[in-house]
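As a basis for the values below, the full set of heavy atoms in this structure was taken, side chains included, without hydrogen atoms, waters or symmetry mates.
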Amino acid sequence: MGAKTAIFVIKLESIGRMSCNPSVGGPAKGHLAREIDALGGEIGYVADLTGIHYRMLNMKKGPAVWAPRAQNDRQLYAQIMREHLEQQDNLHIIESTVSDILVENAAVCGIRTQIGKEYYAPKVIIASGTFLRGRIHVGNITVAGGRSGEPSADQLPASLKAAGFVLGRFKTGTPPRVDLRSLDFSRLEEQAGDPEPQGFSYYRDVTLANRVSCYITHTTAETHSIIQSNIKLSALYSGIIEGIGPRYCPSIEDKIVKFPDKPNHHVFIEPEGLTTHEAYINGISTSLPPWVQEMVVHSIPGLEQAKFMRYAYAIEYDYVDPTEIQLSLETKKIRGLYLAGQINGTSGYEEAAGQGLMAGINAVLSLDNQDPLILTRSEAYLGVLIDDLVTCGTNEPYRMFTSRAEYRLQLRQDNADERLMPIGHKLGLVSETRWQQFCSMKAIKERETMRLWSENCDKHTDLREPVKYAALLKRPELTFTDLKRYGFVAPPDLSSDIERRIEIEIKYEGYLKRQDEELTKFRAAETLLIPPDIDFMKIESIAWEAREKLQRIRPENVGQAMRIPGVNYTDTSALMVWLKKNHLLRKG
(Lines give C-alpha, C1' and ligand atoms only; values in the text may rest on other atoms or scores of the structure.)
Protein backbone atom coordinates (compact mmCIF):
# COMPACT_ATOMS: atom_id res chain seq x y z
CA MET A 1 0.00 0.00 0.00
CA GLY A 2 3.07 2.25 -0.24
CA ALA A 3 3.77 2.90 3.45
CA LYS A 4 7.37 2.78 4.67
CA THR A 5 7.44 -0.04 7.21
CA ALA A 6 9.90 -1.71 9.58
CA ILE A 7 9.35 -5.14 11.09
CA PHE A 8 11.15 -6.14 14.28
CA VAL A 9 11.87 -9.80 15.01
CA ILE A 10 13.79 -11.27 17.94
CA LYS A 11 15.71 -13.59 15.57
CA LEU A 12 15.86 -13.17 11.79
CA GLU A 13 15.95 -16.96 11.46
CA SER A 14 12.55 -17.19 13.16
CA ILE A 15 10.62 -15.40 10.39
CA GLY A 16 7.78 -17.66 9.25
CA ARG A 17 8.66 -20.32 11.79
CA MET A 18 5.69 -22.60 12.43
CA SER A 19 5.91 -22.94 16.21
CA CYS A 20 3.35 -25.69 16.48
CA ASN A 21 2.12 -28.03 13.75
CA PRO A 22 3.50 -27.20 10.27
CA SER A 23 0.02 -27.11 8.78
CA VAL A 24 -2.37 -24.46 7.49
CA GLY A 25 -6.15 -24.62 7.35
CA GLY A 26 -8.75 -26.94 8.78
CA PRO A 27 -12.30 -26.12 9.91
CA ALA A 28 -12.84 -22.32 9.72
CA LYS A 29 -9.05 -21.82 9.62
CA GLY A 30 -9.08 -22.85 5.95
CA HIS A 31 -11.78 -20.23 5.36
CA LEU A 32 -9.57 -17.61 7.04
CA ALA A 33 -6.51 -18.58 4.97
CA ARG A 34 -8.50 -18.20 1.75
CA GLU A 35 -9.99 -14.86 2.86
CA ILE A 36 -6.52 -13.54 3.72
CA ASP A 37 -5.30 -14.62 0.28
CA ALA A 38 -8.25 -12.92 -1.43
CA LEU A 39 -7.27 -9.66 0.31
CA GLY A 40 -3.64 -9.99 -0.81
CA GLY A 41 -2.08 -11.73 2.21
CA GLU A 42 0.72 -14.29 1.97
CA ILE A 43 -0.17 -17.24 4.23
CA GLY A 44 -2.21 -19.13 1.62
CA TYR A 45 0.30 -18.56 -1.17
CA VAL A 46 3.28 -19.74 0.87
CA ALA A 47 1.22 -22.69 2.17
CA ASP A 48 0.54 -23.73 -1.43
CA LEU A 49 4.20 -23.34 -2.40
CA THR A 50 5.33 -25.54 0.50
CA GLY A 51 2.43 -28.00 0.88
CA ILE A 52 3.25 -31.71 1.02
CA HIS A 53 -0.19 -33.17 1.88
CA TYR A 54 -3.64 -31.72 1.05
CA ARG A 55 -7.11 -32.71 2.25
CA MET A 56 -10.54 -31.10 2.05
CA LEU A 57 -12.10 -31.83 5.44
CA ASN A 58 -15.79 -32.38 6.33
CA MET A 59 -16.77 -33.46 2.81
CA LYS A 60 -19.50 -35.72 4.26
CA LYS A 61 -21.20 -32.61 5.64
CA GLY A 62 -22.67 -29.55 3.93
CA PRO A 63 -20.50 -27.16 1.83
CA ALA A 64 -20.61 -24.45 4.51
CA VAL A 65 -18.16 -26.47 6.61
CA TRP A 66 -15.91 -27.93 3.89
CA ALA A 67 -12.42 -26.87 4.86
CA PRO A 68 -9.07 -27.08 3.02
CA ARG A 69 -6.06 -28.20 5.06
CA ALA A 70 -2.40 -28.60 4.09
CA GLN A 71 0.54 -30.22 5.81
CA ASN A 72 3.59 -28.08 5.05
CA ASP A 73 7.34 -28.43 4.91
CA ARG A 74 8.32 -26.49 8.03
CA GLN A 75 11.81 -25.39 6.89
CA LEU A 76 10.71 -24.51 3.36
CA TYR A 77 7.73 -22.48 4.62
CA ALA A 78 9.97 -20.32 6.82
CA GLN A 79 12.55 -19.96 4.04
CA ILE A 80 10.04 -18.81 1.42
CA MET A 81 8.16 -16.53 3.82
CA ARG A 82 11.44 -14.80 4.71
CA GLU A 83 12.28 -14.46 1.00
CA HIS A 84 8.91 -12.81 0.37
CA LEU A 85 9.46 -10.35 3.22
CA GLU A 86 12.97 -9.47 2.05
CA GLN A 87 11.68 -8.88 -1.49
CA GLN A 88 8.86 -6.60 -0.32
CA ASP A 89 9.27 -2.94 -1.28
CA ASN A 90 9.36 -0.36 1.56
CA LEU A 91 9.88 -3.05 4.23
CA HIS A 92 12.96 -2.90 6.47
CA ILE A 93 13.58 -6.06 8.55
CA ILE A 94 15.41 -5.52 11.85
CA GLU A 95 16.56 -8.11 14.40
CA SER A 96 15.87 -6.63 17.81
CA THR A 97 13.67 -7.12 20.87
CA VAL A 98 11.19 -4.31 21.49
CA SER A 99 11.14 -3.25 25.15
CA ASP A 100 8.89 -0.14 25.21
CA ILE A 101 6.22 1.67 23.27
CA LEU A 102 6.77 5.43 23.09
CA VAL A 103 3.66 7.51 23.76
CA GLU A 104 2.95 11.26 23.65
CA ASN A 105 -0.44 12.84 24.33
CA ALA A 106 -2.22 9.44 24.28
CA ALA A 107 -0.80 8.66 20.83
CA VAL A 108 1.97 6.23 19.94
CA CYS A 109 5.07 7.81 18.43
CA GLY A 110 7.47 4.89 18.21
CA ILE A 111 9.26 2.08 20.06
CA ARG A 112 12.44 1.49 22.03
CA THR A 113 14.46 -1.71 21.70
CA GLN A 114 16.23 -3.68 24.40
CA ILE A 115 19.60 -2.20 23.37
CA GLY A 116 18.30 1.35 23.84
CA LYS A 117 17.74 2.39 20.22
CA GLU A 118 14.57 4.34 19.48
CA TYR A 119 12.56 4.27 16.26
CA TYR A 120 9.78 6.75 15.49
CA ALA A 121 6.54 6.13 13.60
CA PRO A 122 2.94 7.35 13.83
CA LYS A 123 1.60 3.78 13.66
CA VAL A 124 2.80 0.73 15.60
CA ILE A 125 1.40 -2.82 15.39
CA ILE A 126 2.27 -5.34 18.11
CA ALA A 127 2.04 -8.95 16.93
CA SER A 128 3.97 -10.62 19.73
CA GLY A 129 2.74 -14.22 19.60
CA THR A 130 3.56 -16.19 22.76
CA PHE A 131 6.66 -14.12 23.60
CA LEU A 132 5.30 -11.63 26.17
CA ARG A 133 6.82 -12.92 29.44
CA GLY A 134 6.81 -16.35 27.83
CA ARG A 135 7.55 -19.24 30.22
CA ILE A 136 8.16 -22.80 29.00
CA HIS A 137 7.09 -25.65 31.30
CA VAL A 138 8.16 -29.30 31.22
CA GLY A 139 7.16 -31.13 34.41
CA ASN A 140 8.50 -29.06 37.31
CA ILE A 141 11.10 -27.30 35.14
CA THR A 142 10.31 -23.74 34.03
CA VAL A 143 12.49 -21.62 31.76
CA ALA A 144 11.96 -18.22 30.17
CA GLY A 145 11.26 -18.43 26.44
CA GLY A 146 8.87 -17.31 23.72
CA ARG A 147 9.16 -20.72 22.15
CA SER A 148 11.71 -23.53 22.44
CA GLY A 149 15.24 -22.17 22.07
CA GLU A 150 14.17 -18.52 21.71
CA PRO A 151 14.17 -15.76 24.35
CA SER A 152 11.00 -14.20 25.70
CA ALA A 153 10.11 -10.51 25.58
CA ASP A 154 9.96 -9.57 29.27
CA GLN A 155 10.05 -5.76 29.21
CA LEU A 156 7.28 -4.91 26.74
CA PRO A 157 4.43 -6.18 29.00
CA ALA A 158 5.51 -3.72 31.71
CA SER A 159 5.43 -0.90 29.16
CA LEU A 160 1.90 -1.91 28.09
CA LYS A 161 0.76 -2.13 31.71
CA ALA A 162 2.19 1.32 32.42
CA ALA A 163 0.17 2.61 29.46
CA GLY A 164 -2.98 1.39 31.20
CA PHE A 165 -3.70 -1.90 29.43
CA VAL A 166 -5.25 -4.85 31.29
CA LEU A 167 -3.05 -7.94 30.82
CA GLY A 168 -4.05 -11.56 31.34
CA ARG A 169 -2.24 -14.89 31.13
CA PHE A 170 -2.93 -17.73 28.70
CA LYS A 171 -1.31 -21.09 28.08
CA THR A 172 -0.79 -23.31 25.06
CA GLY A 173 1.54 -26.17 24.22
CA THR A 174 3.01 -28.59 21.71
CA PRO A 175 3.37 -32.38 21.53
CA PRO A 176 6.60 -34.40 21.15
CA ARG A 177 8.30 -34.87 17.78
CA VAL A 178 9.64 -38.30 16.84
CA ASP A 179 11.81 -39.95 14.17
CA LEU A 180 9.58 -41.45 11.45
CA ARG A 181 12.10 -44.23 10.89
CA SER A 182 11.44 -45.58 14.39
CA LEU A 183 7.69 -46.11 13.85
CA ASP A 184 5.89 -49.37 13.07
CA PHE A 185 3.78 -48.40 10.06
CA SER A 186 2.03 -51.79 10.00
CA ARG A 187 0.15 -50.64 13.12
CA LEU A 188 -0.72 -47.20 11.76
CA GLU A 189 -3.64 -46.27 9.48
CA GLU A 190 -2.43 -44.40 6.41
CA GLN A 191 -4.17 -41.14 5.53
CA ALA A 192 -3.35 -40.20 1.94
CA GLY A 193 -3.97 -36.78 0.47
CA ASP A 194 -6.93 -36.02 -1.81
CA PRO A 195 -6.69 -37.22 -5.45
CA GLU A 196 -7.43 -33.64 -6.55
CA PRO A 197 -5.52 -31.38 -4.13
CA GLN A 198 -7.06 -28.00 -3.31
CA GLY A 199 -4.99 -25.27 -1.70
CA PHE A 200 -5.63 -21.76 -0.48
CA SER A 201 -4.32 -19.23 -2.98
CA TYR A 202 -6.32 -17.99 -5.94
CA TYR A 203 -4.93 -17.29 -9.40
CA ARG A 204 -1.27 -17.98 -8.56
CA ASP A 205 -0.79 -20.97 -10.92
CA VAL A 206 0.85 -23.11 -8.23
CA THR A 207 0.91 -26.84 -9.00
CA LEU A 208 -0.21 -28.74 -5.90
CA ALA A 209 0.98 -32.28 -5.19
CA ASN A 210 0.74 -34.77 -2.34
CA ARG A 211 4.32 -35.78 -1.45
CA VAL A 212 3.73 -37.67 1.79
CA SER A 213 1.02 -39.49 3.74
CA CYS A 214 -0.10 -38.79 7.27
CA TYR A 215 -1.04 -41.58 9.67
CA ILE A 216 -3.61 -42.21 12.41
CA THR A 217 -3.36 -44.22 15.62
CA HIS A 218 -4.92 -43.83 19.07
CA THR A 219 -4.24 -43.77 22.78
CA THR A 220 -4.89 -46.92 24.83
CA ALA A 221 -6.02 -47.89 28.34
CA GLU A 222 -2.32 -48.12 29.21
CA THR A 223 -1.76 -44.56 27.95
CA HIS A 224 -4.57 -43.26 30.14
CA SER A 225 -3.32 -45.19 33.17
CA ILE A 226 0.20 -43.75 32.78
CA ILE A 227 -1.15 -40.20 32.60
CA GLN A 228 -3.53 -40.65 35.55
CA SER A 229 -0.73 -42.10 37.67
CA ASN A 230 1.57 -39.16 36.91
CA ILE A 231 -0.95 -36.34 36.60
CA LYS A 232 0.55 -34.40 39.53
CA LEU A 233 3.87 -34.24 37.68
CA SER A 234 2.26 -32.25 34.86
CA ALA A 235 2.99 -28.53 35.02
CA LEU A 236 -0.68 -28.01 34.21
CA TYR A 237 -1.96 -29.95 37.22
CA SER A 238 0.81 -29.24 39.74
CA GLY A 239 -0.16 -25.58 40.09
CA ILE A 240 2.91 -24.22 38.28
CA ILE A 241 0.85 -22.93 35.34
CA GLU A 242 -1.55 -20.08 36.11
CA GLY A 243 -2.68 -19.31 32.56
CA ILE A 244 -5.88 -20.65 31.01
CA GLY A 245 -5.40 -23.16 28.20
CA PRO A 246 -7.34 -23.62 24.95
CA ARG A 247 -10.58 -25.54 25.45
CA TYR A 248 -10.66 -26.79 21.86
CA CYS A 249 -7.03 -27.90 21.62
CA PRO A 250 -6.48 -29.42 25.07
CA SER A 251 -3.42 -31.23 26.36
CA ILE A 252 -3.59 -35.01 26.62
CA GLU A 253 -3.75 -34.59 30.43
CA ASP A 254 -6.86 -32.42 30.04
CA LYS A 255 -8.48 -34.98 27.73
CA ILE A 256 -7.92 -37.82 30.22
CA VAL A 257 -9.15 -35.81 33.23
CA LYS A 258 -12.16 -34.18 31.54
CA PHE A 259 -13.27 -37.19 29.47
CA PRO A 260 -12.58 -40.17 31.79
CA ASP A 261 -15.19 -42.37 30.07
CA LYS A 262 -13.62 -42.10 26.62
CA PRO A 263 -11.58 -45.29 25.98
CA ASN A 264 -9.17 -43.68 23.48
CA HIS A 265 -8.29 -40.48 21.64
CA HIS A 266 -7.09 -40.10 18.05
CA VAL A 267 -3.40 -39.47 17.49
CA PHE A 268 -2.17 -38.16 14.12
CA ILE A 269 1.37 -38.67 12.83
CA GLU A 270 2.24 -35.77 10.52
CA PRO A 271 5.60 -35.42 8.69
CA GLU A 272 7.39 -32.09 9.18
CA GLY A 273 9.00 -31.89 5.74
CA LEU A 274 10.64 -33.56 2.76
CA THR A 275 14.22 -33.17 3.99
CA THR A 276 13.71 -34.43 7.54
CA HIS A 277 12.51 -37.60 9.27
CA GLU A 278 10.91 -35.55 12.05
CA ALA A 279 7.18 -36.08 12.65
CA TYR A 280 4.64 -34.16 14.71
CA ILE A 281 2.42 -36.25 17.02
CA ASN A 282 -0.83 -34.34 16.80
CA GLY A 283 -3.20 -34.97 19.70
CA ILE A 284 -0.89 -35.44 22.67
CA SER A 285 0.22 -31.93 23.59
CA THR A 286 1.60 -32.20 27.14
CA SER A 287 3.70 -30.64 29.89
CA LEU A 288 4.57 -33.95 31.61
CA PRO A 289 8.25 -34.67 32.44
CA PRO A 290 10.35 -36.20 29.63
CA TRP A 291 10.45 -39.71 31.11
CA VAL A 292 6.63 -39.76 31.42
CA GLN A 293 6.31 -38.43 27.85
CA GLU A 294 8.34 -41.41 26.66
CA MET A 295 6.09 -43.86 28.53
CA VAL A 296 2.98 -42.20 27.09
CA VAL A 297 4.23 -42.27 23.50
CA HIS A 298 5.50 -45.86 23.75
CA SER A 299 2.07 -47.02 24.93
CA ILE A 300 0.48 -45.94 21.62
CA PRO A 301 0.14 -48.54 18.81
CA GLY A 302 2.85 -48.09 16.21
CA LEU A 303 4.93 -45.82 18.46
CA GLU A 304 6.28 -48.51 20.82
CA GLN A 305 9.88 -47.93 19.68
CA ALA A 306 9.54 -44.25 18.77
CA LYS A 307 12.72 -42.20 19.15
CA PHE A 308 12.21 -38.66 20.45
CA MET A 309 13.65 -35.75 18.48
CA ARG A 310 11.96 -33.01 20.58
CA TYR A 311 10.08 -33.19 23.84
CA ALA A 312 6.70 -31.57 24.39
CA TYR A 313 6.25 -28.44 26.48
CA ALA A 314 3.58 -26.00 27.61
CA ILE A 315 4.06 -22.26 27.28
CA GLU A 316 2.50 -19.42 29.27
CA TYR A 317 2.36 -15.85 27.99
CA ASP A 318 0.71 -12.45 28.52
CA TYR A 319 -2.12 -11.08 26.40
CA VAL A 320 -4.18 -7.88 26.40
CA ASP A 321 -7.92 -8.02 27.05
CA PRO A 322 -9.27 -7.72 23.46
CA THR A 323 -12.09 -5.42 24.58
CA GLU A 324 -9.26 -2.84 24.76
CA ILE A 325 -9.25 -2.64 20.94
CA GLN A 326 -11.64 -1.22 18.35
CA LEU A 327 -12.96 -3.09 15.30
CA SER A 328 -10.08 -1.54 13.34
CA LEU A 329 -7.70 -3.30 15.82
CA GLU A 330 -6.48 0.12 17.00
CA THR A 331 -6.37 0.35 20.78
CA LYS A 332 -8.92 2.54 22.54
CA LYS A 333 -6.40 4.03 24.98
CA ILE A 334 -3.56 4.92 22.60
CA ARG A 335 -4.10 6.31 19.11
CA GLY A 336 -2.00 4.74 16.39
CA LEU A 337 -1.27 1.56 18.38
CA TYR A 338 -2.69 -1.66 16.91
CA LEU A 339 -2.69 -5.20 18.36
CA ALA A 340 -2.78 -8.42 16.31
CA GLY A 341 -2.64 -12.15 17.03
CA GLN A 342 -2.07 -13.90 20.35
CA ILE A 343 -1.75 -10.57 22.13
CA ASN A 344 -5.52 -10.26 21.52
CA GLY A 345 -6.17 -13.66 23.08
CA THR A 346 -6.40 -15.74 19.91
CA SER A 347 -4.70 -19.01 19.01
CA GLY A 348 -3.56 -20.28 15.63
CA TYR A 349 -1.56 -19.10 12.62
CA GLU A 350 -4.60 -18.19 10.54
CA GLU A 351 -6.30 -16.09 13.21
CA ALA A 352 -3.04 -14.20 13.77
CA ALA A 353 -2.38 -13.73 10.04
CA GLY A 354 -5.88 -12.32 9.53
CA GLN A 355 -5.51 -9.80 12.34
CA GLY A 356 -2.05 -8.77 11.16
CA LEU A 357 -3.37 -8.12 7.67
CA MET A 358 -6.35 -6.10 8.91
CA ALA A 359 -4.20 -4.08 11.34
CA GLY A 360 -1.72 -3.28 8.56
CA ILE A 361 -4.46 -2.22 6.15
CA ASN A 362 -6.14 -0.01 8.74
CA ALA A 363 -2.88 1.58 9.90
CA VAL A 364 -2.16 2.71 6.33
CA LEU A 365 -5.75 3.87 5.74
CA SER A 366 -5.49 5.93 8.93
CA LEU A 367 -2.25 7.50 7.73
CA ASP A 368 -4.14 8.62 4.63
CA ASN A 369 -7.05 9.92 6.75
CA GLN A 370 -9.39 7.30 5.30
CA ASP A 371 -12.04 5.29 7.15
CA PRO A 372 -10.86 1.88 8.41
CA LEU A 373 -11.76 -1.35 6.64
CA ILE A 374 -14.31 -3.03 8.93
CA LEU A 375 -15.51 -6.39 7.63
CA THR A 376 -18.86 -7.35 9.13
CA ARG A 377 -19.98 -10.78 10.33
CA SER A 378 -21.97 -11.16 7.10
CA GLU A 379 -18.94 -10.50 4.88
CA ALA A 380 -16.14 -12.68 6.21
CA TYR A 381 -14.87 -14.99 8.92
CA LEU A 382 -12.33 -12.22 9.51
CA GLY A 383 -15.28 -10.04 10.49
CA VAL A 384 -16.65 -12.70 12.84
CA LEU A 385 -13.24 -13.17 14.47
CA ILE A 386 -12.62 -9.49 15.16
CA ASP A 387 -16.21 -8.74 16.19
CA ASP A 388 -16.17 -11.66 18.67
CA LEU A 389 -12.95 -10.39 20.26
CA VAL A 390 -13.93 -6.72 20.46
CA THR A 391 -17.56 -7.22 21.43
CA CYS A 392 -17.38 -10.23 23.74
CA GLY A 393 -13.74 -10.48 24.79
CA THR A 394 -12.41 -13.95 25.61
CA ASN A 395 -11.56 -15.82 28.80
CA GLU A 396 -9.63 -18.58 26.99
CA PRO A 397 -7.45 -18.73 23.86
CA TYR A 398 -9.91 -17.95 21.05
CA ARG A 399 -10.11 -20.33 18.13
CA MET A 400 -12.17 -19.79 14.99
CA PHE A 401 -14.94 -22.32 14.25
CA THR A 402 -17.56 -22.46 11.49
CA SER A 403 -20.22 -22.60 14.24
CA ARG A 404 -19.27 -19.06 15.28
CA ALA A 405 -20.41 -17.68 11.89
CA GLU A 406 -24.19 -17.19 11.72
CA TYR A 407 -24.04 -16.76 7.93
CA ARG A 408 -21.63 -19.62 7.20
CA LEU A 409 -23.56 -20.83 4.14
CA GLN A 410 -22.76 -17.45 2.55
CA LEU A 411 -19.19 -17.40 3.90
CA ARG A 412 -17.94 -20.60 2.28
CA GLN A 413 -14.28 -21.30 1.62
CA ASP A 414 -14.98 -21.68 -2.13
CA ASN A 415 -16.26 -18.12 -2.58
CA ALA A 416 -13.77 -16.15 -0.46
CA ASP A 417 -12.37 -14.57 -3.64
CA GLU A 418 -15.83 -13.47 -4.80
CA ARG A 419 -16.52 -11.89 -1.42
CA LEU A 420 -13.20 -10.17 -0.77
CA MET A 421 -10.96 -9.92 -3.84
CA PRO A 422 -12.71 -6.76 -5.10
CA ILE A 423 -11.79 -5.14 -1.76
CA GLY A 424 -8.19 -6.39 -2.00
CA HIS A 425 -7.89 -5.08 -5.55
CA LYS A 426 -9.30 -1.69 -4.62
CA LEU A 427 -6.72 -1.42 -1.82
CA GLY A 428 -3.93 -2.21 -4.28
CA LEU A 429 -3.11 -5.54 -2.59
CA VAL A 430 -4.19 -7.81 -5.47
CA SER A 431 -2.07 -7.68 -8.62
CA GLU A 432 -3.64 -6.83 -11.96
CA THR A 433 -2.75 -10.29 -13.30
CA ARG A 434 -4.64 -12.02 -10.50
CA TRP A 435 -7.52 -9.58 -10.83
CA GLN A 436 -7.95 -10.28 -14.54
CA GLN A 437 -7.99 -14.03 -13.89
CA PHE A 438 -10.62 -13.48 -11.19
CA CYS A 439 -12.77 -11.41 -13.57
CA SER A 440 -12.46 -14.15 -16.20
CA MET A 441 -13.61 -16.78 -13.68
CA LYS A 442 -16.62 -14.64 -12.70
CA ALA A 443 -17.62 -14.18 -16.34
CA ILE A 444 -17.42 -17.92 -17.06
CA LYS A 445 -19.37 -18.74 -13.92
CA GLU A 446 -22.15 -16.25 -14.71
CA ARG A 447 -22.33 -17.41 -18.33
CA GLU A 448 -22.62 -21.10 -17.44
CA THR A 449 -25.08 -20.48 -14.60
CA MET A 450 -27.39 -18.61 -16.99
CA ARG A 451 -27.01 -21.42 -19.51
CA LEU A 452 -28.00 -24.05 -16.93
CA TRP A 453 -31.14 -22.08 -16.01
CA SER A 454 -32.12 -21.42 -19.64
CA GLU A 455 -31.30 -24.66 -21.52
CA ASN A 456 -33.34 -27.84 -21.41
CA CYS A 457 -31.49 -31.13 -21.16
CA ASP A 458 -32.14 -33.86 -23.73
CA LYS A 459 -34.78 -36.45 -23.04
CA HIS A 460 -33.37 -39.36 -21.08
CA THR A 461 -34.68 -42.73 -20.03
CA ASP A 462 -35.51 -41.46 -16.55
CA LEU A 463 -37.03 -38.18 -17.74
CA ARG A 464 -40.59 -37.93 -19.07
CA GLU A 465 -40.02 -34.50 -20.58
CA PRO A 466 -37.15 -31.99 -21.06
CA VAL A 467 -35.96 -30.36 -17.84
CA LYS A 468 -33.73 -27.34 -17.28
CA TYR A 469 -30.18 -28.42 -16.44
CA ALA A 470 -30.30 -26.32 -13.26
CA ALA A 471 -33.44 -28.11 -12.07
CA LEU A 472 -31.75 -31.42 -12.70
CA LEU A 473 -28.66 -30.31 -10.76
CA LYS A 474 -30.86 -29.53 -7.75
CA ARG A 475 -31.42 -33.25 -7.29
CA PRO A 476 -29.28 -34.38 -4.33
CA GLU A 477 -28.10 -37.55 -6.06
CA LEU A 478 -26.77 -35.75 -9.15
CA THR A 479 -23.50 -33.83 -9.55
CA PHE A 480 -22.24 -31.51 -12.27
CA THR A 481 -20.42 -34.44 -13.86
CA ASP A 482 -23.73 -36.34 -14.18
CA LEU A 483 -25.15 -33.58 -16.40
CA LYS A 484 -22.97 -34.83 -19.25
CA ARG A 485 -25.14 -37.97 -19.38
CA TYR A 486 -28.10 -35.70 -20.06
CA GLY A 487 -26.51 -33.92 -23.01
CA PHE A 488 -24.65 -31.10 -21.28
CA VAL A 489 -21.43 -30.22 -23.11
CA ALA A 490 -18.87 -28.46 -20.93
CA PRO A 491 -16.84 -25.76 -22.73
CA PRO A 492 -13.02 -25.95 -22.43
CA ASP A 493 -12.82 -22.95 -20.10
CA LEU A 494 -15.18 -24.48 -17.50
CA SER A 495 -12.85 -25.70 -14.74
CA SER A 496 -13.74 -28.18 -11.99
CA ASP A 497 -13.48 -25.29 -9.49
CA ILE A 498 -16.14 -23.26 -11.32
CA GLU A 499 -18.32 -26.38 -11.64
CA ARG A 500 -18.18 -26.87 -7.85
CA ARG A 501 -19.14 -23.24 -7.20
CA ILE A 502 -22.11 -23.39 -9.58
CA GLU A 503 -23.31 -26.72 -8.20
CA ILE A 504 -23.28 -25.45 -4.60
CA GLU A 505 -25.17 -22.28 -5.44
CA ILE A 506 -27.84 -24.10 -7.45
CA LYS A 507 -28.32 -26.97 -4.96
CA TYR A 508 -28.57 -24.59 -1.99
CA GLU A 509 -30.46 -21.81 -3.75
CA GLY A 510 -33.43 -21.92 -1.35
CA TYR A 511 -31.26 -21.84 1.78
CA LEU A 512 -29.16 -19.00 0.36
CA LYS A 513 -32.27 -16.91 -0.37
CA ARG A 514 -33.53 -17.46 3.17
CA GLN A 515 -30.19 -16.40 4.60
CA ASP A 516 -30.22 -13.32 2.35
CA GLU A 517 -33.45 -12.24 4.04
CA GLU A 518 -31.81 -12.62 7.48
CA LEU A 519 -28.80 -10.65 6.25
CA THR A 520 -31.02 -7.73 5.24
CA LYS A 521 -32.22 -7.38 8.85
CA PHE A 522 -28.68 -7.80 10.21
CA ARG A 523 -27.22 -5.16 7.91
CA ALA A 524 -29.94 -2.69 8.85
CA ALA A 525 -28.82 -2.79 12.51
CA GLU A 526 -25.15 -2.52 11.46
CA THR A 527 -25.82 0.74 9.62
CA LEU A 528 -27.24 2.49 12.72
CA LEU A 529 -24.10 4.23 13.98
CA ILE A 530 -23.43 5.21 17.61
CA PRO A 531 -21.41 8.42 18.16
CA PRO A 532 -17.99 7.60 19.69
CA ASP A 533 -18.17 10.12 22.55
CA ILE A 534 -21.43 9.04 24.27
CA ASP A 535 -21.38 8.63 28.05
CA PHE A 536 -23.53 5.50 28.36
CA MET A 537 -23.51 5.76 32.19
CA LYS A 538 -25.82 8.81 31.94
CA ILE A 539 -28.54 6.98 29.96
CA GLU A 540 -30.79 6.05 32.90
CA SER A 541 -33.29 4.08 30.79
CA ILE A 542 -30.62 1.40 30.24
CA ALA A 543 -29.93 -1.20 32.97
CA TRP A 544 -26.81 -0.50 35.07
CA GLU A 545 -24.98 -3.69 34.00
CA ALA A 546 -25.69 -2.92 30.34
CA ARG A 547 -24.43 0.65 30.80
CA GLU A 548 -21.16 -0.64 32.25
CA LYS A 549 -20.72 -3.08 29.34
CA LEU A 550 -21.54 -0.44 26.74
CA GLN A 551 -19.17 2.05 28.38
CA ARG A 552 -16.32 -0.49 28.34
CA ILE A 553 -16.85 -1.96 24.86
CA ARG A 554 -18.02 1.30 23.21
CA PRO A 555 -19.88 -0.35 20.27
CA GLU A 556 -19.67 1.43 16.94
CA ASN A 557 -23.21 0.55 15.83
CA VAL A 558 -26.49 -0.81 17.19
CA GLY A 559 -25.85 -4.28 15.72
CA GLN A 560 -22.63 -4.59 17.69
CA ALA A 561 -24.36 -3.32 20.85
CA MET A 562 -26.94 -6.11 20.49
CA ARG A 563 -24.17 -8.75 20.58
CA ILE A 564 -22.54 -7.60 23.82
CA PRO A 565 -23.09 -10.20 26.58
CA GLY A 566 -25.24 -8.62 29.30
CA VAL A 567 -26.91 -6.13 26.94
CA ASN A 568 -30.44 -7.36 26.16
CA TYR A 569 -33.15 -6.35 23.70
CA THR A 570 -34.73 -3.89 26.18
CA ASP A 571 -31.39 -2.14 26.64
CA THR A 572 -30.73 -1.73 22.91
CA SER A 573 -34.32 -0.52 22.38
CA ALA A 574 -33.81 2.08 25.13
CA LEU A 575 -30.51 3.08 23.53
CA MET A 576 -32.16 3.63 20.14
CA VAL A 577 -34.96 5.70 21.73
CA TRP A 578 -32.36 7.85 23.52
CA LEU A 579 -30.32 8.31 20.32
CA LYS A 580 -33.43 9.37 18.35
CA LYS A 581 -34.59 11.71 21.10
CA ASN A 582 -31.19 13.43 21.12
CA HIS A 583 -30.96 13.48 17.31
CA LEU A 584 -27.85 11.28 17.39
CA LEU A 585 -29.08 8.26 15.42
CA ARG A 586 -27.60 8.27 11.95
CA LYS A 587 -27.04 5.71 9.22
CA GLY A 588 -23.59 4.81 7.93
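When side chains are defined from C-beta on, Leu85 counts as touching Ile15, because their heavy atoms get closer than 4.5 Å. Residues Leu327 and Pro372 fail the side-chain proximity criterion, which asks for heavy atoms closer than 4.5 Å. Inter-residue side-chain proximity for Ile553 and Gln560 is flagged as met; some heavy-atom pair is nearer than 4.5 Å. Considering only heavy atoms from C-beta on, Leu132 stays 4.5 Å or farther from Tyr319 through its side chain.
Partner Glu316 forms a side-chain hydrogen bond (donor to acceptor under 3.5 Å, both in side chains) with one of Arg135, His137, Arg133 and no other, that one being His137. Here the rule is side-chain hydrogen bond (donor to acceptor under 3.5 Å, both in side chains) with Thr346, and of Gln355, Glu351, Arg399 only Gln355 fits it. The side chain to side chain contact (heavy atoms under 4.5 Å, CB included) test with Leu550 singles out one residue from Asp535, Thr572, Ile564, Ile534, and that residue is Ile564.
Between the side chains of Arg147 and Ser19, at least one donor-acceptor pair of N or O atoms lies under 3.5 Å. Side-chain contact, Ser378 with Thr376: a donor N or O sits under 3.5 Å from an acceptor N or O. In the model, Asp73 has no side-chain atom that pairs as donor or acceptor with a side-chain atom of Gln79 under 3.5 Å. Between Thr130 and Gln342, the side chains place no donor N or O within less than 3.5 Å of an acceptor N or O (distance only, hydrogens not considered). No donor-acceptor contact under 3.5 angstrom links the side chains of Ser96 and Lys117, judged on distance only.
In this structure, Arg404 satisfies the cation-pi test against Tyr398, with its NZ or CZ atom closer than 6.0 Å to the six-membered ring centre and inside 45 degrees of the ring normal. For the pair Arg204 and Tyr45, the cation sits on the ring face: its NZ or CZ lies under 6.0 Å from the ring centre, inside 45° of the axis.
With hydrogens and angles disregarded, a donor-acceptor distance shorter than 3.5 Å links the side chain of Arg547 to the backbone of Met537.
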Worked check of side-chain hydrogen bond (donor to acceptor under 3.5 Å, both in side chains) between Asp37 and Ser201:
CA-CA 6 Å; Asp37 180 79; Ser201 190; 2.6 Å; yes
Would you check, one step at a time, whether the test ring-ring contact (aromatic ring centres under 6.0 Å, His included) holds for Phe8 with Tyr119?
CA-CA 11 Å; Phe8 292 80; Tyr119 298 82; 4.8 Å; yes
